[in-house]
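Source: prediction; values computed, not measured. Throughout, protein chains are lettered first and strands after them, A, B, ... in sequence-line order, and every chain is numbered starting at 1.
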2 protein chains.
Amino acid sequence: MNQISDTLSSGLEDYIEAIYVAHINEASLKGAELARKLNVSRASVSEALSKLVAKKLITYNSYESITLTKEGIELAKAVYNKHHILQNFFEQILDIPSKEAGENACKIEHIISQNILNKMVEFSEFCQKHESFITEFKKEVTQNATNIINRKIS
Amino acid sequence: MNQISDTLSSGLEDYIEAIYVAHINEASLKGAELARKLNVSRASVSEALSKLVAKKLITYNSYESITLTKEGIELAKAVYNKHHILQNFFEQILDIPSKEAGENACKIEHIISQNILNKMVEFSEFCQKHESFITEFKKEVTQNATNIINRKIS
DNA sequence: ACAAAGTGTTAGGCATGCCTTACAATAATT
DNA sequence: AATTATTGTAAGGCATGCCTAACACTTTGT
């Protein structure tokens with residue numbers, strides 16, 4: 001209904017997040033490059049950027065690089081933080097390989113509640129203060145894996 | 001492209017999961033009831049059921065109740081298990097209220113990788129063997145919350 | 001300066017999934 | 001049996017997001 005809503009579809013969140021990553025790397029970013037980064041067509045990027053401009057989250061003129069507005073930065077930062085909380089949790093606590101953790105974070109970041117993310121942070125911090133716990137967990141998991149392999153062999 | 005693909009869109013997964021829940025409760029389920037359960041129109045259910053029939057996951061004739069095929073049960077069970085792993089993890093480990101845990105599980109179950117779910121199970125089991133850890137975590141979290149409240153007051 | 005390479009947009013489509021409206025068919029109640 | 005309630009379906013739309021093809025514009029390099 002409203003063009004300038006305060007929530008973004010998960011698709012648009014992906015776009016603004018990618019723009020934000022370029023922003024914090026102080027790299028200039030054009031539509032074509034964004035298309036390559038997100039593995040979508042230039043046409044799709046063109047549509048998405050129009051929407052983000054309409055929502056006043058970015059500034060953009062053809063053939064120039066994309067700029068986040070103040071509100072855009074805020075919103076992007078929020079998405080980006082969610083991503084990192086998830087990625088860290090999967091990697092540090094659940095011992096998931098970085099690539100897989102990232103891929104899952106990318107999808108889940110759009111739908112998970114803030115409350116769960118907060119608890120994930122608290123839990124991670126708690127685990128850091130009791131580091132042996134996670135160390136033990138990882139040890140046990142590899143042990144389990146070894147058992148499974150041995151079981152298959154024998 | 002292919003009508004009888006082995007993967008389901010998240011929408012169809014929701015439908016088949018709801019059908020499965022009725023199935024394990026040995027409750028008969030008609031389209032109209034399913035529509036009420038999922039908060040969608042009867043028309044949407046009608047469309048979805050046609051797709052599930054085309055994929056041979058359910059058996060269905062108008063005005064009769066919906067039946068899962070063997071393959072349907074297998075697939076539904078997989079979705080349902082994912083849901084439960086997530087719900088349990090959120091509730092037991094992260095101390096999230098049941099309702100919120102369920103709502104999040106409903107959405108995340110469609111996109112999370114099996115590997116992460118497996119690790120969640122292992123982690124939960126590990127925590128059960130060291131129950132004091134989670135107890136301590138919960139204690140600390142409530143303590144933090146109390147601190148925040150007191151900070152706000154003073 | 002001009003051609004080639006790169007970039008952006010528009011138009012027309014596809015797929016998902018949801019809706020309402022209107023109508024059809026069956027089930028239940030009196 | 002007839003009326004009412006319930007259930008199901010078809011048609012026509014809306015929104016999201018993705019695509020290709022074709023065209024337009026800009027930048028780069030010779």
Side-chain angles (χ1 to χ4, degrees), chain A residues 1-19 22 27-55 57-67 75-76 79 103 106-111, chain B residues 1-19 22 27-55 57-67 75-76 79 103 106-111:
Chain A
M1 177 137 265
N2 46 347
Q3 285 283 74
I4 312 167
S5 156
D6 51 347
T7 53
L8 246 45
S9 65
S10 58
L12 289 188
E13 281 191 1
D14 286 334
Y15 285 101
I16 206 167
E17 191 179 359
I19 295 167
S28 85
L29 181 66
K30 291 185 181 181
E33 179 62 20
L34 186 51
R36 277 175 230 120
K37 284 234 165 72
L38 296 178
N39 270 305
V40 294
S41 69
R42 295 200 310 277
S44 298
V45 168
S46 185
E47 288 169 12
L49 294 184
S50 305
K51 288 178 192 165
L52 292 177
V53 167
K55 287 168 188 291
L57 298 170
I58 62 169
T59 294
Y60 174 62
N61 294 301
S62 297
Y63 306 102
E64 292 176 7
S65 29
I66 306 159
T67 311
L75 214 158
V79 177
E103 288 164 355
C106 262
K107 294 183 266 175
I108 298 172
E109 69 192 23
H110 306 298
I111 54 180
Chain B
M1 177 134 265
N2 46 346
Q3 285 283 71
I4 311 168
S5 156
D6 50 349
T7 54
L8 246 44
S9 64
S10 58
L12 290 188
E13 281 191 1
D14 285 335
Y15 286 101
I16 206 167
E17 191 180 0
I19 296 167
S28 85
L29 181 66
K30 291 185 181 180
E33 180 61 20
L34 186 50
R36 277 175 231 121
K37 285 234 165 74
L38 296 178
N39 271 305
V40 295
S41 69
R42 295 199 310 277
S44 298
V45 168
S46 186
E47 287 168 13
L49 294 184
S50 305
K51 288 178 192 164
L52 292 176
V53 167
K55 288 170 189 289
L57 297 170
I58 62 168
T59 295
Y60 175 61
N61 294 300
S62 298
Y63 308 99
E64 291 175 9
S65 31
I66 306 159
T67 312
L75 214 159
V79 176
E103 288 164 355
C106 262
K107 293 182 267 174
I108 298 172
E109 68 191 26
H110 306 298
I111 54 180

side-chain N/O A/Tyr60 vs C/dG8 OP1/OP2, d < 4.0 Å: yes
Whole-Å gap separating P (C/dA15) and CG (B/Leu8): 17 Å
B/Tyr15 side chain near C/dC18 phosphate (N/O to OP1/OP2, under 4.0 Å): yes
Short side-chain N/O contact to C/dC19 OP1/OP2 from B/Ser44, under 4.0 Å: yes
Gap between atoms CD1 and P, on B/Ile111 and C/dT16 respectively (whole Å): 19 Å
Euclidean distance, B/Ile19 CD1 relative to B/Leu57 CG, rounded to 0.5 Å: 9.0 Å
Minimum-distance nucleotide to A/Lys51 side chain [options: D/dT7, C/dT9, D/dG17]: D/dG17
Short side-chain N/O contact from B/Ser41 to OP1 or OP2 of C/dC19, under 4.0 Å: yes
Any A/Ser62 side-chain nitrogen or oxygen under 4.0 Å from OP1 or OP2 of C/dT9: yes
Distance, rounded to the nearest Å, where B/Leu52 contributes CG and C/dT16 contributes P: 13 Å
Interatomic spacing from CD in B/Glu13 to CG in B/Leu52 - rounded to 0.5 Å: 10.5 Å
B/Glu47, nearest nucleotide to its side chain (from C/dC19, C/dA24, D/dC25): C/dC19
Atom-to-atom span, OH of B/Tyr63 to C1' of C/dT26 - whole angstrom: 5 Å
5′-ward residue of the pair B/Asn39/B/Lys30 relative to DNA chain C: B/Asn39
B/Leu49 CG - D/dG8 P separation (whole Å): 8 Å
A/Asn61 CG to D/dT27 C1', straight-line distance once rounded to whole Å: 16 Å
Nearest listed nucleotide, side chain of A/Ala43, among D/dT7, D/dT20, C/dT20: D/dT20
Value rounded to 0.5 Å, distance of CD1 in B/Ile58 from CG in B/Leu12: 9.5 Å
Nearest-neighbour nucleotide for the B/Val40 side chain, C/dG8, D/dG8, C/dC18 considered: C/dC18
Interatomic distance where CZ belongs to A/Arg42 and P belongs to D/dT20 [whole Å]: 11 Å
side-chain contact (heavy atoms from CB on, under 4.5 Å) partner of A/Tyr15, chosen from A/Ile66, A/Leu8, A/Leu38: A/Leu38
Nucleotide D/dT27, atom C1' - distance to CD of A/Glu64 in whole Å: 13 Å
B/Glu33/B/Lys37 ion pair, N-O < 4.0 Å: yes
Candidate nucleotides C/dG8, C/dT7, D/dT7, ranked by approach to the side chain of A/Arg36 - the nearest: C/dT7
